[in-house]
Amino acid sequence: MNKKNIINSIKLIKFYKFINYNLIYNNKAINRYKKDNYKISGTKAENLDKLKKSILSLNNCDLKKHAKNIVFSDGNPNSKIMLIGEAPGANEDEEGLPFVGRAGALLDKMLTAIDLDRKKVYISNIINYRPPDNRRPTDEEIKRYLPFITKHIEIISPKILVLLGSTAMNALIGNEVVISKMRGKWIEKRFGNCKTSVIITFHPAFLMRQPAQKKMTWIDLKMIRDKKI
Ligand code: URA
């Protein structure tokens, strides 16, 4: 190696050391999804604002290019009950609020049936931007948004977490489970510092296609109504 190459190698090593020491010596893949950009401190409102800003500043997501608005949440951040759906549709994208279309109208009826409404609960989705043509979010998209919804749960810290449909269930509970076996059970789960009782039920859009399943959902709703929190 001539002198020039040695000097260049030293400069390169210094540079790598400056940006990330492990890059040269560690052959493990860099996990871009596990980055925890901030710690939870400050008020709930401040943390929600920070979380929303970090989603808004995400720059490797194609969904954002097609969407009109971020759909972050609706309802009462101090509620003990948080509901999580899949992803916004056309109406939600237009208004920037979750569950305001036809599935949302059914969700409102489901909540009313157990003396709740969207001012008494807190609602969000696994994905914060509308997938084009209302397609299901891909695994890659779910992986990208998972740290945000996990942080969202931790900030709200609900006593009851209601997962609406299999996308929310698979994203937060695991891919190996099926909704027909998992719905209607309490599962104790921890998200960061938040310990919560999770219940899975059918997604309202699914219930519109399969109204016969509404009787199962009624069982789940009564479990939520009767849970001591
Ligand atoms: N379906 C969802 O999963 N979320 C919404 O916000 C609307 C429809």
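Counting starts at 1 for both ligands and their atoms, following the listed order.
- The side chain of E92, and not its backbone, has at least one atom closer than 4.0 Å to an atom of ligand 1 (non-hydrogen atoms only; side chain from C-beta on).
- Other residues, nucleotides and ligands place more than 12 heavy atoms under 6.0 Å from the NZ atom of K185.
- Counting atoms of ligand 1 from 1 in the listed order, those under 4.0 Å from a heavy atom of G85 are 3 (O).
- From the protein, the heavy atom lying nearest to atom 4 (N) of ligand 1 is N125 OD1, 2.8 Å.
- Every atom of ligand 1 with a heavy atom of P98 under 4.0 Å away is listed here by number and element: 6 (O).
- For D139, the CG atom counts as loosely surrounded, since its 6.0 Å shell holds 12 or fewer non-hydrogen atoms of other residues, nucleotides or ligands.
- Between the side chain of T196 and the backbone N or O of K189, no donor-acceptor pair lies under 3.5 Å.
- In the candidate list A87, G89, A90, P204, A87 is nearest to atom 5 (C) of ligand 1, counting heavy atoms.
- Those atoms of ligand 1 with a heavy atom of H203 less than 4.0 angstrom away are 1 (N), 2 (C), 3 (O).
- Close approach of ligand 1 to E86 is summarised as follows: ligand atoms under 4.0 Å from at least one heavy atom of the residue are 2 (C), 3 (O).
- Taking 4.0 Å as the cut-off, A205 does not count as a neighbour of ligand 1 on heavy-atom distance.
- Checked against a 3.5 angstrom limit, the closest N/O atoms of A103 and ligand 1 fall outside it.
- Environment of NZ in K227: crowded, with over 12 heavy atoms of neighbouring residues, nucleotides or ligands closer than 6.0 Å.
- H152 and Y145 form no side-chain donor-acceptor contact under 3.5 Å, judged by distance and modelled atom types alone.
- With values rounded to the nearest 0.5 angstrom, S73 atom OG is found 7.0 Å from I156 atom CD1.
- Heavy-atom neighbours of R102 CZ from other residues, nucleotides or ligands within 6.0 Å: at or below the threshold of 12.
- Residue F99 has at least one nitrogen or oxygen atom sitting less than 3.5 Å from a nitrogen or oxygen atom of ligand 1, judged on distance alone.
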